[in-house]
Novice: 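Sharing a structure, written as structure tokens. Questions coming.
To find a chain, count down the sequence lines: A is the first, B the second, and so on, and within it residues start at 1.
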2 protein chains.
Amino acid sequence: MRDAFHEQLEGINDRIVEMANLVEVAVEEATTALLEADARRAEQVITADIEIDRLQTLVEEQTFEQLALQQPVATDLRVLVGALRMTADLERMGDLAEHVAKITRLRYPEHAIPDDVKATIAEMGKVAKRMVHEIASCVAARDVEAAERLVGADDEMDGLRRSLFQEMLDPGWSHGVEAAVDIALLGRYYERIADHAVSMARRVIYLVTGEMPDHITSTPA
Amino acid sequence: MRDAFHEQLEGINDRIVEMANLVEVAVEEATTALLEADARRAEQVITADIEIDRLQTLVEEQTFEQLALQQPVATDLRVLVGALRMTADLERMGDLAEHVAKITRLRYPEHAIPDDVKATIAEMGKVAKRMVHEIASCVAARDVEAAERLVGADDEMDGLRRSLFQEMLDPGWSHGVEAAVDIALLGRYYERIADHAVSMARRVIYLVTGEMPDHITSTPA
């Protein structure tokens, strides 16, 4: 019985990694669509989010089933509750990528972002994609050291968001209020994707060590 | 044993309601601080968030304990897992109120928001506060009908956010980019508070009926 149970836990973990892989694609594609004002690509990101949501529902159902059928304690219980948390993070990350895509779609055929902030936005997209990629490996390998590195990694995103704001608040800013509003929200979306990756990393540390690194939820400074 | 267990469940539910009451105060106080550029009040909101986080950790620990000690199935299991979800929502709502307070603190002694958007922001704060108040009663009374009303209620917040954007994008907008960026983020924070209230309302419906009203997580359109 326990073996069948642990196979189930592995299956749930595989599905979380699968979700993370889809979120990584969503973040990368949404960023490319934004940078290239590619409405078709943006549309694909929006459609693809359905599969991320489907996986969350699936993991939630399987987790419930295991909580009800087995009597998990200690680590097994942490794994199942952690699965609920991590899929909730990933579902949000998918939504945030979708929000980026929706801004692209909303402004099409115009570019949502002017050329002078493209480099910063591109970098935010790169950092977010990398963090999602790393959290997928952390979850797959239960890698605490990698998770600890990831917990420290969102300083980079915060720095990028600060420079994005400096660019908008520069007296020389010539792109008006609408672009600034879009960019402020885009910056927020990328920052939140990073926050959720950090929240998942804390969760992985908790799963393995049983200790929550400070406050477990994703709270931007 | 089961009676002691259900007393525990009641205690967890009481603590969720307690969290919701603190979040309601945070939303109201953060809005007042913003409208009056009251840095002291904003500071109190930021400090008070510690208690909301403390309650979340407490509920999480108690929920774990009950999941481990008892073998909850069906409704009891839904209640415990729902408690984890709802406290996560409330913790975020507290953070969002804190973000509003931090914008007030950042711009002090200046006003973060110009007079001509104050009415809309005040209304957003009022709607957010009301939704938090209503979700507290839904949770306390397991009131499905009230929860269903709440699921429909965030159209009002979406409408307010749209008018906020119209005000900023009006050619007559004279308050520059910095104010617009602050307001865009403030609008987002209030919208997210409403989203989390709706997510909790869906969770209440699920707890009572065992059926998830469409997609359970809080996904803004």
Side-chain angles (χ1 to χ4, degrees), chain A residues 49-50 53-54 56-57 60-61 63-65 67-74 76-78 80-81 84-85 87-89 91-92 94-96 98-99 102 164-165 168-171 173 175-185 187-189 192 195 199 212 214-221, chain B residues 49-50 53-54 56-57 60-61 63-65 67-74 76-78 80-81 84-85 87-89 91-92 94-95 98-99 102 164-165 167-171 173 175-185 187-189 192 195 199 212 214-221:
Chain A
D49 190 57
I50 295 161
D53 295 344
R54 192 190 64 79
Q56 187 201 11
T57 308
E60 179 151 334
E61 286 164 359
T63 304
F64 258 80
E65 201 182 314
L67 284 168
L69 292 178
Q70 310 288 341
Q71 297 127 37
V73 293
D76 294 340
L77 180 57
R78 283 204 303 273
L80 286 170
V81 172
L84 293 173
R85 293 277 206 210
T87 53
D89 280 313
E91 189 273 339
R92 277 303 302 157
D95 288 341
L96 290 158
E98 193 182 359
H99 293 343
K102 282 179 172 173
L164 192 65
F165 275 58
M168 286 190 285
L169 302 180
D170 186 282
W173 179 260
H175 308 290
V177 166
E178 185 174 83
V181 165
D182 284 346
I183 291 161
L185 292 173
R188 176 72 183 161
Y189 298 149
R192 289 297 299 155
D195 290 333
S199 160
M212 297 204 190
D214 54 67
H215 192 45
I216 198 90
T217 56
S218 60
T219 307
Chain B
D49 190 58
I50 295 161
D53 295 346
R54 192 191 66 77
Q56 187 200 12
T57 308
E60 178 149 334
E61 285 163 0
T63 305
F64 258 80
E65 201 182 317
L67 283 169
L69 293 177
Q70 310 289 339
Q71 296 129 38
V73 293
D76 295 340
L77 180 57
R78 283 204 303 272
L80 286 169
V81 172
L84 292 173
R85 293 278 206 209
T87 53
D89 280 313
E91 189 273 340
R92 278 303 302 157
D95 288 341
E98 192 182 359
H99 292 342
K102 282 179 171 172
L164 193 65
F165 276 58
E167 290 164 30
M168 287 190 285
L169 301 181
D170 185 282
W173 178 260
H175 308 290
V177 168
E178 185 175 82
V181 165
D182 284 346
I183 292 161
L185 293 174
R188 176 73 183 160
Y189 298 149
R192 288 297 300 155
D195 291 333
S199 159
M212 298 203 190
D214 56 66
H215 192 44
I216 197 92
T217 55
S218 61
T219 306

Novice: Within the side chain of Arg85(B), is there an N or O that forms a donor-acceptor pair under 3.5 Å with the backbone of Leu84(A)?
Specialist: yes
Novice: For residues Val177(A) and Gly176(B), report the shortest heavy-atom separation together with the two atoms involved.
Specialist: CG2-O, 4.3 Å
Novice: What's the shortest heavy-atom distance between Leu185(B) and Ala184(A), and which atoms?
Specialist: CD2-O, 3.9 Å
Novice: Return the set of residues passing ring-ring contact (aromatic ring centres under 6.0 Å, His included) with Tyr189(B) (not counting sequence neighbours), or none when no residue passes.
Specialist: His99(B)
Novice: Supply the atom-to-atom distance Leu69(A) CG to Gln71(B) CD, rounded to the nearest 0.5 angstrom.
Specialist: 12.5 Å
Novice: If I measure from the heavy atoms of chain B, does Val81(A) come under 4.5 Å with its side chain, its backbone, both, or neither?
Specialist: side chain
Novice: Could you look at Phe64(B) and say if it's the side chain, the backbone, both or neither that has a heavy atom under 4.5 Å from chain A?
Specialist: both
Novice: Atom CZ in Arg192(A), atom CZ in Arg92(B): separation rounded to 0.5 Å?
Specialist: 3.5 Å
Novice: Might you point out which heavy atoms bring Glu178(A) and Leu169(B) nearest each other, and give the distance in Å?
Specialist: CA-CD2, 3.5 Å
Novice: Please classify the contact between Ile50(A) and chain B as side chain, backbone, both or neither, with a heavy-atom cut-off of under 4.5 Å.
Specialist: neither
Novice: Restricting to side-chain hydrogen bond (donor to acceptor under 3.5 Å, both in side chains), what partner residues turn up for Glu61(A), sequence neighbours left out?
Specialist: none
Novice: Any idea which heavy atoms bring Val73(B) and Ala68(A) closest together, and the distance?
Specialist: CG1-O, 3.8 Å
